[in-house]
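These numbers come from the heavy atoms of this one structure, side chains and all, not from hydrogens, waters or symmetry mates. Whatever order the structure lists them in is the order used to number ligands and atoms, beginning at 1.
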Amino acid sequence: AASTPLLAVRGLRAAYGKIEALKGVDIEINAGEIVALIGANGAGKSTLMMTIFGKPRARSGRIEFDGHDITGVPTHDIARLRIAQSPEGRRIFPRMSVAENLQMGADATDCSEAERAAGLERVFALFPRLKERIAQRGGTLSGGEQQMLAIGRALMSRPRLLMLDEPSLGLAPLIARQIFDAIRTLNRQDGLTVLIVEQNANHALKLAHRGYVMVNGLITLAGTGAELLQRPEIRAAYLEGG
Ligand code: ATP
């Protein structure tokens with residue numbers, strides 16, 4: 001029998017007033033996997049990630065983490081379960097220093113001093129640029145550095161599941177590649193489980209072990225990254241010319 005997935009989403013529905021953003025979504029993420037969620041603007045990708053994180057609340061369906069029902073658990077308690085999120089648009093604290101931003105990540109969970117120190121070391125090994133900028137205000141970092149900081153902050157909570165919303169958005173190709181390389185390193189070296197939402201389907205499906213395609217609040221296609229990259233409908237909709 002297959003082991004319990006780290007995250008299982010079953011029949012999940014969520015809405016903003018009358019707008020049904022999730023219409024019964026099923027996904028699974030196994031421990032140690034990178035799973036990509038791709039789809040057009042407005043498909044509901046961000047909403048799925050946010051609903052797993054507790055806001056908006058699920059209207060129906062079920063979210064299980066490590067076999068436990070976490071549907072309806074408030075966001076701050078989700079963070080304590082060691083699920084971390086780097087939201088779209090990065091949302092770092094612009095007036096706080098790099099160091100303070102990273103500490104805020106550790107504050108989201110009950111990290112020991114040793115865990116904080118180890119977390120900082122990991123983040124700086126992954127993104128040496130952040131160490132060079134440690135005293136600089138977040139808001140004065142470049143877009144790529146802010147993305148590194150947003151991921152670094154999420155890592156400071158020592159997550160078991162890291163959810164990234166459009167980490168390459170607005171970044172130059174070289175910087176985007178550095179971000180994807182860092183995610184791959186975290187997965188291979190630390191065994192970190194990752195859910196990544198991306199417009200850049202090509203990059204995301206090359207990075208991911210498996211992927212899901214979302215259309216209009218529903219999962220319409222699932223497969224390995226390699227399989228999805230070969231599908232003509234994926235190529236036509238998300239890859240060619242873009
Ligand atoms: P994108 O790639 O553009 O971020 P997405 O796939 O992440 O798209 P969502 O942001 O989850 O899509 O949006 C799904 C639907 O829910 C869209 O129709 C959107 O307009 C709607 N929606 C999202 N956030 C809100 C909100 N705060 N209030 C009302 N409607 C919303």
Side-chain angles (χ1 to χ4, degrees), residues 7-29 34-63 70-76 78-79 83-92 143-144 146-147 150-151 154 161-173 175-176 179-180 183 194-208 210-223 225 228-229 231 233-242:
L7 183 84
V9 171
R10 316 255 185 238
L12 191 65
R13 291 175 173 269
Y16 304 98
K18 286 183 179 158
I19 300 172
E20 288 197 352
L22 303 180
K23 300 173 182 170
V25 169
D26 296 273
I27 67 165
E28 287 189 355
I29 305 175
I34 301 178
V35 171
L37 185 60
I38 64 171
N41 284 310
K45 306 181 299 298
S46 299
T47 301
L48 175 56
M49 197 169 275
M50 292 191 298
T51 307
I52 293 166
F53 217 63
K55 221 181 211 174
R57 290 281 186 97
R59 289 244 168 125
S60 64
R62 196 175 159 91
I63 306 163
I70 62 162
T71 324
V73 171
T75 294
H76 57 274
I78 298 277
I83 299 176
Q85 182 199 34
S86 177
E88 189 176 351
R90 308 190 256 277
R91 305 220 200 113
I92 56 148
Q146 289 191 24
Q147 186 56 255
I151 295 173
L161 171 65
L162 175 63
M163 302 194 291
L164 301 168
D165 198 347
E166 307 250 8
S168 77
L169 191 71
L171 302 185
I175 308 295
I179 299 288
F180 284 113
I183 297 165
V194 179
L195 174 63
I196 179 171
V197 165
E198 262 292 336
Q199 294 272 339
N200 190 332
N202 187 35
H203 266 109
L205 292 175
K206 280 181 181 154
L207 174 73
R210 290 189 305 112
Y212 291 95
V213 180
M214 204 166 179
V215 177
N216 202 10
L218 286 168
I219 301 294
T220 56
L221 209 52
L228 292 178
L229 275 169
R231 298 284 293 233
E233 62 269 51
I234 302 283
R235 303 195 65 81
Y238 306 112
L239 298 177
E240 266 144 32

Taking atom 19 (C) of ligand 1 as the reference point, report whether a protein heavy atom occurs under 4.0 Å from it. no
The closest protein heavy-atom partner of atom 4 (O) of ligand 1 is E88 OE1, 3.3 Å
Criterion side-chain contact (heavy atoms from CB on, under 4.5 Å) against M49, the qualifying member of L37, D165, L164: D165
Backbone or side chain, does any N or O of A21 fall under 3.5 Å from an N or O of ligand 1? no
Hey, does E166 sit under 4.0 Å from ligand 1 if you only count heavy atoms? yes
Could you tell me whether Q199 approaches ligand 1 through its side chain, its backbone, both or neither, with non-hydrogen atoms closer than 4.0 Å? side chain
A side-chain contact here means heavy atoms from C-beta on lying under 4.5 Å apart; do I27 and R210 qualify? no
Any idea which protein heavy atom is nearest atom 8 (O) of ligand 1, and the distance to it? G42 N, 2.7 Å
Check T71 against A58 and note the closest heavy-atom contact, atom names and distance. CG2-CB, 4.0 Å
Heavy-atom side-chain contact between K45 and Q199 under 4.5 Å: yes
If I compare all heavy atoms of T51 with all of A14, which pair ends up nearest, and what's the gap? OG1-CB, 3.7 Å
Is atom 16 (O) of ligand 1 in close reach of the protein, with a heavy atom under 4.0 Å away? yes
Applying side-chain contact (heavy atoms from CB on, under 4.5 Å), run through L22 and L48 and close with a yes or a no. CA-CA 7 Å; L22 303 180; L48 175 56; 4.1 Å; yes
Mind checking what makes ring pair (Phe, Tyr, Trp, His ring centres under 6.0 Å) contact with F180, not counting sequence neighbours? H203
Taking distance alone, with N or O pairs closer than 3.5 Å, would you say G44 contacts ligand 1? yes
Say whether A40 and ligand 1 are in contact under the criterion: heavy-atom distance to a ligand atom below 4.0 Å. yes
The option among L48, N41, L37 carrying the non-hydrogen atom nearest to atom 3 (O) of ligand 1 is N41
Near A43, which atoms of ligand 1 are under 4.0 Å from a heavy atom of that residue? 5 (P), 6 (O), 12 (O)
If we only count heavy atoms from C-beta on, is the I175 to Q147 side-chain gap below 4.5 Å? no
Nearest neighbour in protein (non-hydrogen) for atom 10 (O) of ligand 1: S46 CB, 3.7 Å
Just need the protein heavy atom nearest to atom 29 (C) of ligand 1, so name the residue and atom and give the distance. Y16 CB, 3.3 Å
Nearest protein heavy atom with distance in Å, relative to atom 13 (O) of ligand 1: T47 OG1, 3.8 Å
Just wondering, do I234 and L229 contact through their side chains at under 4.5 Å, heavy atoms? no
